[in-house]
Amino acid sequence: LEDERLETSEVQIFYQEDPEYQNLSQNSCLPSEESHTSWHSPFKPRNYQLELALPAKEGKNTIICAPTGCGKTFVSLLICEHHFNNFPQGQKGKVVFFANQIPVYEQQKSVFSKYFERLGYKVTGISGATTENIPVKQMVENNDIIILTPQILVNNLKNGTIPSLSIFTLMIFDECHNTSKQHPYNMIMFHYLDQKLGGSSGPLPQVIGLTASVGVGDAKNTEEAIDYICKLCASLDASVIATVKDNLEELEQVVHKPQKFFRKVESRTTDKFKCIMSQLMRAIENLAKSIYEDIESLSQIKNREFGTQKYEQWIVTIQKECSVFKMPDKDEESRICKALFLYTSHLRKYNDALIINEHARMKDALDYLKHFFSNVRAAGFNEIEQDLTRRFEEKLQELESISRDPSNENPKLEDLCFVLQEEYHFNQETKTILFVKTRALVDALKKWIEENSNLSFLKPGILTGHGKTNQNIRMTLPAQKCILDSFRASGDNNILIATSVADEGIDIAQCNLVILYEYVGNVIKMIQTRGRGRAKGSKCFLLTSNNDVIEKEKINICKEKMMNDSILNLQKWDEAVFKEKILYIQNQEKLLRDSQEKAKPIPDKENKKLLCRKCKTLACFTADIRVVEESHYTVLGGAFKECFVTKPHPRPKTYMNFEKRAKIFCARQDCCHDWGIFVKYKTFEIPVIKIESFVVEDVATGIQMLYPKWKNFHFEKIPFDAAEMSK
Ligand SMILES: [Zn+2]
């Protein structure tokens, strides 16, 4: 969610498209999943839930690892209730529950409120959406259970509003496998571990982590997997991993493992569409070469092929390299850079179209390109663009007739059609989730289903991320909820086509057919995706033309086994020995952290130019840049105002003190490169720029550099000053 990202102290949050793996909800057991249980009334725990809660009830820091859908939320309620009851009279506990995503946060807040308010405990929640002007300290002090999105606590620990974690007696981390690297969970645990290892006084809270899978990282054998899991335990200061062992039979009654099937499908034997597209792409590559002969030297990527991920990477590196090359003649440099930018952008779209053609119908790929070219026409439409459009249009008729020829149908789709027909014939009430790799494929497959008379029994719906990808506008949260409710209630849809957004925790208990269409993820993803098909007799199909995909999925199954073996192994260790190992890792990691902190880069005080990354026009100097609230970068002075133009923002939004109003673009008419946004900040109207839209040139040496993020660019960062603005 964007408002969450705002707090991560990087200006990029405004522009960064939410990756598709952003989940609607990461929690594995939302209350409506267990609609047969009422959270109001006393509820009888299952034996395996009691088993999972036991080590935590004994006061041990525990990672609870149990399958999606087994009721981990209820386990955490049991632990929490026991925790409160365990305090002697006159003392009180304080529990904090962390949820990564707003929908999970909302769910947990309501579950905890319903369960604990009847027992006389005060429950509250603070999320990125509610944080403005809320006295966080008082809210924490006045309540017994606080549900938080983790960044809130990170911010308040950082600014000292909450001086230490000692205020809490129990911390619960939902989806705790995220506790690594720079994730807010880990930032919170850094505070905890600094207090633990730094010898400063004050009691530390008990720590509980919940997950369906701890993961094994890049481990190649059980030994490495054990190391990986130990590191996660060290990050959470856990001394126990709780899994179901004594009540496995009962667990298997509740959580059904879907049957897994692999289907190797064939691609088209001849592909005329690909032939024509490849010709066009070769021609554009030659045009690029005629502008800049050494284009091949710009990238290390060799043996690229059209229509592959590798080709996409090649394009991206070429675009990067082009934007920093220097020529004595500035106009010449600008001309060449702009031309290469256009050629590579078109190549990239062609490459996308080939990928769509590979997995869906030719018609869908062609529609994608036609849409792109209508956008090209509507924008600048300079000489190069006109030339490229003409080249496409010359082939358009031929492409149209090929795409209409039934002999060019995609055999993969025929296989998909076969699977769907079989399953719905067998059970008309089947509910399906179909996972695909990209947003463009979601649209393509939906259209295919709607236009296929053999699949008229299907009523497809779409479920995608909050993120805006390429040309598609993101799906809003209410829209997602609406689709899910309808799906659940046997309403409009009986098949959802989804990108990985639907991987974790979304609440689709009735889904009994999961189809992974040319789709792979890591082991954590796999376990959660499989958790989707939870109805009895559910099935999971992997359809792919690529042997590597099947191999990769088999490796994932191996990794899952490796993970389970490793956990079993660790559970046999003597607890004292395990604790010692954990302490050793924690000390090593702290040393590493502290030494990295000392090695903070010294800012380079030399003034530098920011040039438009596309046309190389001078935009501003670093000396004119001011930093707003530590993370947003604006430019002072009237000169800069002449350099950009604004267009109303398609999604105006307010975050904290910022009101997003417009997007800003390079003012050169033939460039129009996206530079950032225009916001209202308090009483000021200011541009906020993103560094990835610019090339940084050293004034003295002329050396040019690219920075992906502001935090990588170490210049003298001067804080924004309202007085200076008013001058
Ligand atoms: Zn420009």
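These figures come from a predicted structure and were not determined experimentally. Counting starts at 1 for both ligands and their atoms, following the listed order. Residues take their numbers from the sequence shown, with the count starting at 1.
- Protein N/O/S atoms closer than 2.8 Å to the Zn ion (ligand 1): Cys612 SG, Cys615 SG, Cys666 SG, Cys671 SG.
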For this session: Verify ring-ring contact (aromatic ring centres under 6.0 Å, His included) between Phe341 and His673, making sure each step is shown before the conclusion.
Result: CA-CA 11 Å; Phe341 188 88; His673 193 46; 5.6 Å; yes
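- Side-chain atoms of Thr622 and Glu716 form no donor-acceptor pair, as typed in the model, at a separation below 3.5 Å.
- Using the six-membered ring where Trp is involved, His359 and Tyr517 have ring planes that are perpendicular, over 60° apart on the 30 and 60° scheme.
- Across all non-hydrogen atoms, the minimal contact from Lys608 to Val699 is CA-CG2, 4.1 Å.
- Of the N and O atoms on the side chains of Asn155 and Gln151, at least one donor lies less than 3.5 Å from an acceptor on the other residue.
- A side-chain contact (heavy atoms from CB on, under 4.5 Å) with Met362 is found for one member of Asn408, Ile356, Asn410 and no other, namely Asn408.
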